[in-house]
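Residue numbers begin at 1 in each chain, while the letters A, B, ... track the order of the sequences.
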2 protein chains.
Amino acid sequence: MLTEERHRIILELLETKKIVRIQELVEVLSSSESTIRRDLSQLERKKKLKRVHGGASLLNQKKEELSIDEKLTKNLEEKDRIAKYAATLIKDGDCIYLDAGTTINQMIPYISAHDLTVVTNGLTHLEQLLAKNINTYLVGGCIKQKTRALIGHGAIDSLNKYRFDKIFLGVNGIHVDYGYTTPDPEEAAVKATAINLGQNVFVLADHTKFHEVTFSKVADLEEATIITNETDPETIEEFRKKTNIEVVTE
Amino acid sequence: MLTEERHRIILELLETKKIVRIQELVEVLSSSESTIRRDLSQLERKKKLKRVHGGASLLNQKKEELSIDEKLTKNLEEKDRIAKYAATLIKDGDCIYLDAGTTINQMIPYISAHDLTVVTNGLTHLEQLLAKNINTYLVGGCIKQKTRALIGHGAIDSLNKYRFDKIFLGVNGIHVDYGYTTPDPEEAAVKATAINLGQNVFVLADHTKFHEVTFSKVADLEEATIITNETDPETIEEFRKKTNIEVVTE
DNA sequence: CACAATTCAATCATTTTCTTTCAAATTCAT
DNA sequence: ATGAATTTGAAAGAAAATGATTGAATTGTG
C-alpha cells in the first residue's frame, strides 16, 4: 500500500474515532509497526495529528476536553479488549451483522477470519472493512448526521432480507428489568430488527453500561449474549440468571 | 498509444480512484514504466495531479482554480457546465435520485434548492451532501470497491420503494440504436431501475459519450432527457428525433 | 520503589521506486 | 527518401520505503 494511501486512511480513521492505536493501524493497513510509526511521525510533523503513547489523536481539543480525553483513553482500552474478544468469535465463511457505533467499530481491526460477508448500517465502518478487503454490504436508509448510522424504514426493510451467522450490537443501557436500551428510537428499531435475524446475537458493553436505562428499548436481556469486562460478582450473577454473559478478563 | 490518450486515461482513473500506482498504469496502458513516469511528471507540471512515491494522487483543487486552467481542462470544464445546468433543474422541495459517478458528483456543489430529499447509490457523494445539510438517503446493497457505488439486488430493492420528482443518471455510451449503455451489468441494472421511478429522467453526458456503446444496456433513448454540450448539428438532429435533448451552450 | 509489559526511537539490510542517461524507434518537415 | 525532433524503452546508480531488531523510555502493577 502506498504511503499517501495509508496517510489518508489514518486521518479518516482519526476523524471518526478521535483516537487510534498503533496496533489497530497495523491490522487495518497490514503494514509493520515501524511503518506506522513513521507515518505517524510524518503526519505529526505536518500538524495533522498528535502522537500519544500507544497511538495518535486529533489535535483539536481544548483544555477541558483533555481530562475527558484521558478517561476516554482508559475507557477505550476496556472497549478495545471486549472488541478484540468479540472479533475472535467470527469464523471463516461467516455472514455477520455489525451494528453502527464506536464499540463495534473497534472490532474491525481484530477481525482475522477469511471469506467473510459483512452487513452493516454504520458508514464509519466502511473504510476499514474495505481496506481489509472484506465483502461488505450496506443497508439502505436515512443517514443520521451525528453518528453516520443508517436508520429508518429503509434500513429495516433492507435488513429483513438477510440472515446472519452472528450479530454484533452496541447498546447504551443494560438493565435486569428493562433489558437493552438506546437513546434514539430509530436506532433502537434497527437493532431490534437485527436481533431477530440469527441465533447468535452478541451485545458488547463495557461496565459503564450496566444498570443504565435510556429512552428506547431494543430487546429483552435473554435475546442476546452479553460480552463485557464488568467483573463485579454480584452484577454478573444477577445477569447470568437472565441470559448468557461472557466476561473478558485478560 | 498516443500521449494525449494516456494522459486522459490517467486523469480519468485518478478521478474515480483518488490514487493510482505506477504499476497499475503500466498494465492498463501497456506502456513502459519510463513512459508512465514521464506522463506523470508532465501532468504534475500542468497541475493536474500530485506525484507521490509509487504513483500519483488527486490534488484537491477548487472549482475556481479549475476554470483558470484553460484549454487543457476542457473536458472537465464541459462536464462542469453540464453539471451546473443540471443542478438548476432542481427546485425547492424536490425528491431526487443522484446516480453514482463523477459526472453526477459535479452537480452537488451547484445544488442551491432548499428542503431537498436526495437518494443516492454513490458513497462518494455523501460527504458533500451532508456538508450541505441535505436530507440524504442511501440505497442498500453491495459496495463496488472501485467506484464506491452500491449495486446488486439490495440496491434495486431499496430503490423500488421510492418515487422521485427528478432522476439524474450518468452513462458511458449513448447511441441511436443501442440507447444508453454502461460497462458494468450490475450498475446498469441499478440505473435501469432508477429510470422507472419518476417522470423526469435526465442523463448527463459530455460529447465524448455520443455514438459510444459499452457492454450493458441501461435503457432506450426515449426514456430520458439528455443533457449535453455536444454541438454538432447533425448529431443533435439525429438524437432529437428519438428523445428530448438539452444542449448547454454557455 | 521495583518489576514486568508495552511502547518507543534508532539502526540496518532488503526491496521498491526514482532520476538520469542513452540508444533505438517513431514522427515530422523538408 | 533524408535528417531533425520527438517519443519510447532499457539500464544503472541514487533515493526512498519497508520490516526486523536492538536497547532505551514509558506505563501499569504489586
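The CD1 atom of B:Ile36 sits 12 Å away from the P atom of C:dC18 (whole-angstrom rounding). Rounded to whole Å, atom C1' of D:dA16 lies 13 Å from atom NE2 of A:His7. Taking atom CG of B:Leu40 as the reference point, atom C1' of C:dT20 lies 17 Å away to the nearest angstrom. Rounded to an integer number of Å, the gap from CD1 of B:Ile22 to P of C:dT19 is 8 Å. The NE2 atom of B:His53 sits 5 Å away from the P atom of C:dC18 (whole-angstrom rounding). Taking atom CG of A:Leu29 as the reference point, atom P of D:dT18 lies 11 Å away to the nearest angstrom. In this entry the distance linking CZ of A:Arg37 with P of C:dT6 reads 14 Å, nearest Å.
Within the 3.5 Å criterion, the main-chain N or O of B:Asp184 finds no donor-acceptor partner in the side chain of B:Thr182. No donor-acceptor pair under 3.5 Å is formed between the side chain of A:Asn172 and the backbone N or O of A:Thr181. The main-chain N or O of A:Leu89 is found under 3.5 Å from a side-chain atom of A:Lys166 such that the two form a donor-acceptor pair. Checking side-chain atoms of A:Lys191 against main-chain N and O of A:Gly170 turns up a donor-acceptor pair under 3.5 Å. Distance alone, capped at 3.5 Å, places no donor-acceptor pair between the B:Arg6 side chain and the B:Ile36 backbone.
Nearest heavy-atom pair, B:Leu43 versus B:His7, reported as atom, atom and distance to 0.1 Å: CD2-ND1, 3.7 Å.
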List the atom pairs, donor and acceptor, that lie under 3.5 Å between side-chain atoms in residues 20-30 of chain B and the rest of the protein, sequence neighbours left out.
from    : atom 1 : to      : atom 2 : distance (Å)
B:Arg21 : NH2    : A:Glu5  : OE1    : 2.8
B:Arg21 : NH2    : A:Glu5  : OE2    : 3.3
B:Gln23 : NE2    : B:Glu33 : OE1    : 3.1
B:Glu24 : OE1    : B:Arg21 : N      : 3.4
B:Glu24 : OE2    : B:Lys17 : NZ     : 2.6

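Among the protein residues, B:Val52 comes within range of the sugar-phosphate backbone only, with heavy atoms under 4.0 Å from sugar or phosphate atoms but none that close to a base. Within the 4.0 angstrom heavy-atom criterion, no nucleotide atom of any strand lies near B:Arg21.
Of the two residues near DNA chain C, B:Ser41 and A:Gln23, the one whose nearest nucleotide lies more 5' is A:Gln23.
Using a 4.0 Å cut-off between charged side-chain N and carboxylate O, B:Lys144 and B:Glu187 make a salt bridge.
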Under 3.5 Å between N/O atoms: give me all the protein pairs with nucleotides 6-10 of chain D, atom names plus distance.
from   : atom 1 : to      : atom 2 : distance (Å)
D:dT8  : OP1    : B:Arg6  : NH1    : 2.9
D:dT8  : OP2    : B:Arg6  : NH2    : 3.1
D:dG9  : OP2    : B:Ser32 : N      : 3.2
D:dG9  : OP2    : B:Ser32 : OG     : 3.0
D:dG9  : OP2    : B:Thr35 : OG1    : 2.4
D:dG9  : N7     : B:Arg38 : NH2    : 2.7
D:dG9  : O6     : B:Arg38 : NH1    : 3.4
D:dA10 : N7     : B:Ser34 : OG     : 3.0
D:dA10 : N6     : B:Ser34 : OG     : 3.4

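Aromatic rings from A:Tyr110 and A:Tyr85 are positioned such that their centres are separated by 6.0 Å or more.
A rotation axis mapping the C1' atoms of four pairs onto the next four is fitted at both ends of the helix from C:dC1-D:dG30 to C:dT30-D:dA1 over five pairs, and the angle between these axes is 40° to 10 degrees.
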